[in-house]
Structures are given as C-alpha cells and as structure tokens.
Amino acid sequence: MLKALSRPRLRPHPRSLIVAKRSVHAPVPFKWEDPLDIASLFTEDEVAIQETAKSYCQDRLLPRVLDAYRSEHYDRNILKEMGEVGLLGATIKGHGCAGTSSVASGLITREVERVDSGYRSGMSVQSSLVMGGIDEFGTEEQKERYLPEMAKGNLVGCFGLTEPNHGSDPGSMESVAKSHPTKKGYYLLSGSKTWITNSPIADVMLVWAKVQDTGKIRGFLVDRKSCPPGTLETPPLKNKNGLRASLTGMILMDDCPVPKENMFPTVEGLKGPFSCLNSARYGIAWGVMGALEDCIGRARTYALERRQFKNNPIAKYQLVQKKLSDAVTDASYGVLAAAQVGRLKDQGRLAPEMISMTKRHNCDKALVNARVLQEVFGGNAVSDEYHIGRHVANLFVTQTYEGQSDIHSLILGRAITGIQAFA
Ligand code: TGC
Ligand code: FAD
C-alpha cells in the first residue's frame, strides 16, 4: 500500500480528459432490441438493404411459414421472389447481382432467418455456396451462363459435398470423375451425395468429386437438363424433424456425363469447397442471430402478457428475467462479432478461423438460448403457433451443418496450438 502511494502519480493523457468529459452526459435509454446500438455501425445503404429485406420477409415469408413447415413444403417461387428483391448473390459484383458489402449480405441473412432457418438455407445455398463458388472459381463463360439467371431465381442451385459415409471428413469422399472412354472432353461422374439442400429442385448442381487419374478433388457444374435418363437422380429426404420449410435430398450419379468445360478450371483440393463454405458459414453466423432475436421478442411479449401467482406477469420473476438477459446479451455479442468479421472480410483481412469462431459460437448460443426461452411459454411452447419450437428444431440443424460445432472447435484448436486433432 505504502509502496503504491509512494509511486509518482500518473498524469492523465489529454485525450482521456475528453473522454471523461463526455462520460458526464446523461445516459441514453437502453434499447432491448439493440442494446449495444450496433445499428449505428452500419452505413445508410446497409440499413436500407436490411429494411427492404425485413419488409419482404415479414410481409411475404412469415405468413406462409407455418403451412410450409407443417407440410414440409418448399415453394421454389420463393427464390424468384428473393431474386426480384435483389437478395440473391447479393455481394457479387456484376452479372445482375447487387454488389453489396458483406455486412449488408449478413443483414439480409439475419432478416430471412428471423422468419425461418430453412428459408435462409435455401437462399444461402443458392447465393453463397453455388453463385459464390461460380463467381470465385468459374470461367467467364460459366459465370455468364449461370449467374444472371440464378440471381433472378430462375435457375436453382445446390452444393454436393457431403456423402453417406463422409460428412465431417469430406476429404475422404468416394465420388469420382473418370475420363469418358469414348467421348473426348467429357467426364463420367459416379457417387452419392446426401443431405443436400435444394437438390430435388436444382437445375445446376455444384458437385465435388475426385478425378480418377489424379485423385484431386474438383468442382463440376452438373446441369440437370443435359444428364441422360438414368444417370442422375435427386430423391428428396422427407420426414425431417427440423428445417422442414427447406427441401433436402440426395444426388445419385451413375456415369453421369459432364463436359470438361463445366469443371472449375483451376481450383483443386478441399480449398475449393471450403472457400465457398467460408461465405456460407459467415452468413449462418448472422442468420442464427436473427432466429434468436425472434425468439427473444416472442418470449418477452409472452412473459409480459402471461400472468401467474397473484396475477403478476411472469416477466416480473427473476428466473424469467435472467433467461431474457442471457439471450439478449448473447444476441448482441453475436451480431457485433459477425459485423466485425464482415468488415474484415471486405477489407481482405479475414482468417477463416474467425468464421469458424463466429459460426460455432453464434450457433451454439442461439440454440442454447432458444431452448431456454422455450420454457417461458410453458405448455404453449408445444403449439407451433408460438413459433419457438420451430426455431429450436431448426437451430439444432444450423449447429450441425457447414461444420458441426465440435469440428469448428477443432479448427480453432489447431490454430491455437498448431496441432491437428482430426488427422
Ligand atoms: P485441411 O488439411 O484442413 O485443408 C485442406 C485444404 O483446404 C484448405 N482449407 C481452406 N481453404 C479455404 N478456406 C477454408 N476455411 C479452408 N480450410 C481448409 C487448406 O488450406 C488445404 O489446402 P491445400 O491447398 O493445402 O490442399 O483439410 P482436412 O481434411 O484436414 O479438413 C478437416 C476439417 C475438419 C477442417 C474439414 O474437413 C471440415 O471443415 N469439415 C466440415 C465439413 C463441412 O463443413 N461440410 C459442409 C457441407 S456443405 C453444407 O453443410 C451446406 S448446408 C447448407 C445450408 O442448407 O445452409
Ligand atoms: P458426422 O461427420 O458423422 O459426425 C457425427 C458427430 O461426430 C458430430 O457431432 C461430429 O462433430 C462428431 N465428429 C466427427 N468427427 C469428429 C472428430 N474428429 N472429433 C470429434 N468429433 C467428431 N451437405 C452438403 O454438402 N450440402 C448441403 O446442401 C447440405 N445441406 C444439409 C441440410 C441439412 C438439413 C442437414 C441436416 C445437413 C446438410 N448437409 C449438407 C450435411 C452436413 O454438412 C453434415 O451433416 C455435417 O457436415 C456433419 O456430417 P455428418 O452428418 O456426416 O456427421
């Protein structure tokens, strides 16, 4: 103590005086929907894009989500509508796309998933995984052939990486591309892909397969209309207990002929699919926060209206308040992190591990908090009209696809220690 007192006193830096002066201002009111005023970090254009996306999602998607979820039906017109609003392939420059910032595309994703993760899934696959892949690795001819029509939602895409025996470990895939024995300039693709979003309705399938001669993974644009009968099937996988408003299926290929000009010309190995996944995982980090924010809004309203014990709103009780506090805190932190990653992405200062960190953390926090908020609704949580059970079931899937959370822990663990856990 004495020692501390005898130290020379630190003189405040002149700038800290300014900060101190500012801090005497009256505190601003707390906004539970955006406690850290994250909206102030967005540009006017980004806010306008979010507003446009929000109007479309609340006016056009929300009214049909319960029927879609109950009947496990995905209306492909949704992609056309999204195309009309300019939501598809939003960050791509040219080819009929909007050319927005990554933060603006994150805000779009957040609004779509505020309604339903399945609607976001259909959009992410189209925009990030397929259009993004074509934009990054395709030839000019491939871009011109696919991007403008995909941006309008006239052509639907899907992304085939996962196989029945290889999910977390796509490097061991069995799908193979053999040189056509008689038709020069053609490959024959064989193999099975499973759990593929949009596959039953896809016009173009971005399929990852190993070239037989080299053993290297390459990306092929498989055009449904050019596949002879019996060489390609895309059966749906029905009776899912999550993501029921999206369409999921398989891609079964049996010597399916694909011209060499439909192969991505230069990218080889897992770098191809993982680069596409960087954008899609980034989008999920935003999207799941939208789903969690919807759960928060609904749980808060319910807690203020529902009365128990001496006619008190259950929002009066500390345990309920803690559930809301945890969820609001995690949603704010999650959005802030996603926004920062988006800015770094646009500045070319992104490490893929940043995406693993935000994808994993936001998905985990969205799932845990949504599950806890479900309790606020008591028995009514079981009714789908309260929407919360649907979000909880969906959020399990978001935590699983595009790299299950534990897999992202291992990616982070490798970056932290330099030691690979999954080899
Ligand atoms: P590893 O040795 O780590 O890497 C192999 C090559 O890939 C490169 N790479 C990346 N490149 C760009 N971005 C990234 N994020 C990259 N991560 C790795 C790496 O540099 C290397 O390149 P090169 O040139 O040296 O060959 O590969 P590994 O086999 O050890 O990988 C292990 C692990 C765990 C990282 C990986 O397999 C993994 O991420 N597994 C998860 C699988 C996954 O995410 N599947 C997603 C399927 S698609 C989907 O789920 C869509 S859902 C859509 C919806 O409905 O929304
Ligand atoms: P597995 O790889 O079998 O993993 C099972 C469990 O084991 C997980 O918890 C995992 O974390 C754990 N595990 C595995 N390896 C390790 C390890 N080394 N250390 C510790 N734990 C480990 N794929 C596509 O290609 N395109 C799509 O469009 C697509 N859409 C999908 C839509 C839905 C609705 C679903 C459910 C999945 C979709 N997927 C898609 C597939 C998805 O990416 C995979 O399900 C996911 O990557 C996990 O693979 P898996 O299911 O084979 O699980």
Side-chain angles (χ1 to χ4, degrees), residues 72 74 109 112-113 116-130 132-133 136-137 156-173 175 192-200 202 205-209 215-217 219 234 236-251 266-285 287-288 345 350-357 359-360 363 393-415 420-423:
E72 211 177 357
Y74 181 72
T109 310
V112 176
E113 196 149 354
D116 192 84
S117 305
Y119 289 152
R120 196 267 309 135
S121 231
M123 182 183 77
S124 295
V125 167
Q126 176 88 351
S127 293
S128 305
L129 289 177
V130 186
E136 191 165 356
F137 298 119
V156 176
C158 74
F159 182 87
L161 181 65
T162 305
E163 299 188 350
N165 297 325
H166 310 284
S168 299
D169 175 23
S172 305
M173 69 173 63
S175 292
S192 324
K193 301 287 179 182
T194 194
W195 291 118
I196 307 302
T197 302
N198 289 350
S199 86
M205 287 148 239
L206 172 48
V207 170
W208 301 92
K216 300 270 190 200
I217 294 171
T234 54
L237 294 166
K238 294 303 252 184
N239 305 321
K240 290 177 292 180
N241 56 21
L243 231 71
R244 289 172 59 83
S246 79
L247 191 49
T248 319
M250 299 186 81
I251 305 176
T266 50
V267 71
E268 269 189 351
L270 282 175
K271 201 166 65 187
F274 285 158
S275 299
C276 306
L277 282 163
N278 286 339
S279 294
R281 290 167 172 172
Y282 162 74
I284 293 179
V288 292
K345 192 170 189 284
L350 181 86
E353 288 82 2
M354 295 174 186
I355 292 176
S356 283
M357 185 185 278
K359 194 274 178 188
R360 167 182 176 248
C363 287
N394 285 340
L395 287 167
F396 166 76
V397 179
T398 65
Q399 194 211 33
T400 300
Y401 62 27
E402 304 215 6
Q404 203 273 340
S405 272
D406 286 346
I407 297 300
H408 287 291
S409 317
L410 301 183
I411 293 172
L412 288 170
R414 174 175 64 182
Q420 173 123 310
F422 39 76

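All ligand and atom numbering here is 1-based and tracks the order in the structure. In what follows, every heavy atom counts, from backbone to side chain, and hydrogens, waters and symmetry copies are set aside.
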### Query
Should A280 be listed as contacting ligand 1, given a heavy-atom distance under 4.0 Å as the test?
no

### Message
Looking only at distances, can you tell me whether any N or O atom of T162, backbone or side chain, sits closer than 3.5 Å to an N or O atom of ligand 2?
### Response
yes

### Message
With the threshold set at under 4.0 angstrom, would you say H408 reaches ligand 1 through any of its heavy atoms?
### Response
no

### Query
Would one find an N or O of R414, backbone or side chain, under 3.5 Å from an N or O of ligand 1?
yes

#### Entry: Nearest neighbour in protein (non-hydrogen) for atom 46 (C) of ligand 1
E402 CA, 3.6 Å

### Nitrogen or oxygen atoms of L129 and ligand 1 under 3.5 Å apart
no

### Message
When you measure from the side chain of S124 to the backbone of A280, do you find a donor-acceptor pair of N or O atoms at a distance under 3.5 Å?
### Response
no

### Query
Do any heavy atoms of Q404 fall under 4.0 Å from ligand 1?
no

### Query
Which one holds for V125 and ligand 1: side chain close, backbone close, both close, or neither close, with close meaning a heavy atom under 4.0 Å?
side chain

### Task
Please confirm whether S121 comes within less than 3.5 Å of ligand 1 when only nitrogen or oxygen atoms on both sides are compared.
yes

### Query
Of all the heavy atoms in G269, does at least one lie under 4.0 Å from an atom in ligand 1?
no

### Task
Give yes if a backbone or side-chain nitrogen or oxygen of I196 is under 3.5 Å from a nitrogen or oxygen of ligand 2, and no if not.
no

### Query
Touching ligand 1 at all, E268? Heavy atoms, strictly under 4.0 Å?
no

### Message
Is atom 52 (S) of ligand 1 touching the protein, meaning some protein heavy atom lies under 4.0 Å away?
### Response
yes

### Closest protein heavy atom to atom 26 (N) of ligand 2, given as residue, atom name and distance to 0.1 Å
F159 O, 2.9 Å

### contact_flag R281 ligand 1 heavy-atom lt 4.0 Å
yes

### Message
Does ligand 1 come near enough to T162 that some N or O of the ligand is less than 3.5 Å from an N or O of the residue?
### Response
no

#### Entry: Any N or O of K240 closer than 3.5 Å to N or O of ligand 2
no

#### Entry: ligand 2 contacted by L410 (non-hydrogen, < 4.0 Å)
yes

